[in-house]
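The block underneath contains the structure these notes are about, expressed in structure tokens.
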2 protein chains.
Amino acid sequence: MDAIDLSLVELLRGNARLSYAELARQVGLSAPAVHERVGKLEAGGIIRAYRAEVEPEAIGLAVTALIGIVEDSTADTDDVLEAFRQMPEIESCYFMAGVESFLLKARVGTIAELEQLIVRLNRTPGVASTRTGIALSTKWENRPQPVELPAS
Amino acid sequence: MDAIDLSLVELLRGNARLSYAELARQVGLSAPAVHERVGKLEAGGIIRAYRAEVEPEAIGLAVTALIGIVEDSTADTDDVLEAFRQMPEIESCYFMAGVESFLLKARVGTIAELEQLIVRLNRTPGVASTRTGIALSTKWENRPQPVELPAS
DNA sequence: AGGCTCAGGTCGATCGCGTCCACGGAGAGT
DNA sequence: ACTCTCCGTGGACGCGATCGACCTGAGCCT
């Protein structure tokens, strides 16, 4: 993980569809060298996936909610997690410090679907209570932040 | 935005680096046809970007925090937003229903940097108070959910 | 009905890219 | 100094991206 790897990661965070040839030009290596480096970054789990970022409304996901979860005293955290994993509406899941063990970001098509999701969450064994906030609009999301190169 | 467009979006959400030729095979069109459709999806803002998803720790962003913002009575929401936009640590910004007008997701390298960020947020004109939750771990993030095709 | 126009597809050709392989140089260990 | 290893380069070749020409069906006007 040197400065060149960092540049590659940075470039791909900005545009995942850059060709290897283009990456090579940007970092000053040959295309095969870049290919191998990127392959290692993928294999090493540094690069997890390449995803198209889509306007959620366009695919029928108009409602975004953020949901805090309080576990009850009987809860097995792994089981709760597994239950959340089965719910495709939950796009992100953070394990938090504080009273609320989890914070979930969910996207659904309608408020009615959100209601159903919350009911299911409250019924999940180990869940004591939920607290839901509705996002009226998403100003931005997953903006990549520039990483500073460690000063040489 | 027909069923084929939806399939393309779905495929690219799963893997943004699929070639047009591969996409074409999957949806049963020719490569140029797919090329044109994807171009229109990009131009129409349906596909916003292609991003590599990177393990944050690998690029020196070990601390994830979720921060609720309460505006004061003098606040101009647009100005507050603009101030947030200038802070690169803020990866996502949702405008929320409820007492807290915004919910921010921020990533920084260290707890010390988080402290500095919170100080800056509290100093921002229009911000009355902040409430910060720290994510101990990210179980998953931005998992693409399968979209159901509208029944034909 | 006939024909115009347009949207959106296929086909074919060209050029650049991805990817495999053989080769070479720098640095570390013996 | 020799050699091993790592990491790069350059060449070759097949596939993909992309452009232009052409085809087809739907909708509409006359």
Using a strict cut-off of less than 4.0 Å between a Lys/Arg side-chain nitrogen and an Asp/Glu carboxylate oxygen, indicate whether [X] and [Y] qualify as a salt bridge.
X         : Y         : answer
Glu55(B)  : Arg107(B) : no
Arg85(A)  : Asp78(A)  : no
Arg120(B) : Glu89(B)  : yes

TODO: Using a 4.0 Å heavy-atom cut-off, write out nucleotides 11-25 of chain C from 5' to 3' as B (base contacted by protein), S (sugar-phosphate only) or - (no contact).
DONE: B-----SSBB-----

Open item on the list: If you compare every side-chain N and O of Lys40(B) against the phosphate oxygens of dG8(C) (OP1, OP2), does one of them come in below 4.0 Å?
Closed with: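 Affirmative; the distance criterion is met.
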
TODO: Rounded to the nearest angstrom, tell me the gap between atom CD in Glu36(B) and atom P in dT18(D).
DONE: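 Atom-to-atom, Glu36(B) to dT18(D), this comes out as 13 Å.
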
Open item on the list: Rounding to an integer number of Å, can you tell me how far Leu29(B) CG sits from dG8(C) C1'?
Closed with: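 Leu29(B) atom CG is separated from dG8(C) atom C1' by 10 Å.
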
- [ ] Please test Glu42(A) against Tyr50(A) for side-chain hydrogen bond (donor to acceptor under 3.5 Å, both in side chains), starting from the C-alpha separation and ending with a verdict.
- [x] CA-CA 10 Å; Glu42(A) 293 169 359; Tyr50(A) 301 99; 2.5 Å; yes

Open item on the list: Would Thr77(A) and Glu71(A) count as a side-chain hydrogen bond (donor to acceptor under 3.5 Å, both in side chains) here? Give the steps.
Closed with: CA-CA 8 Å; Thr77(A) 297; Glu71(A) 287 182 293; 3.1 Å; yes

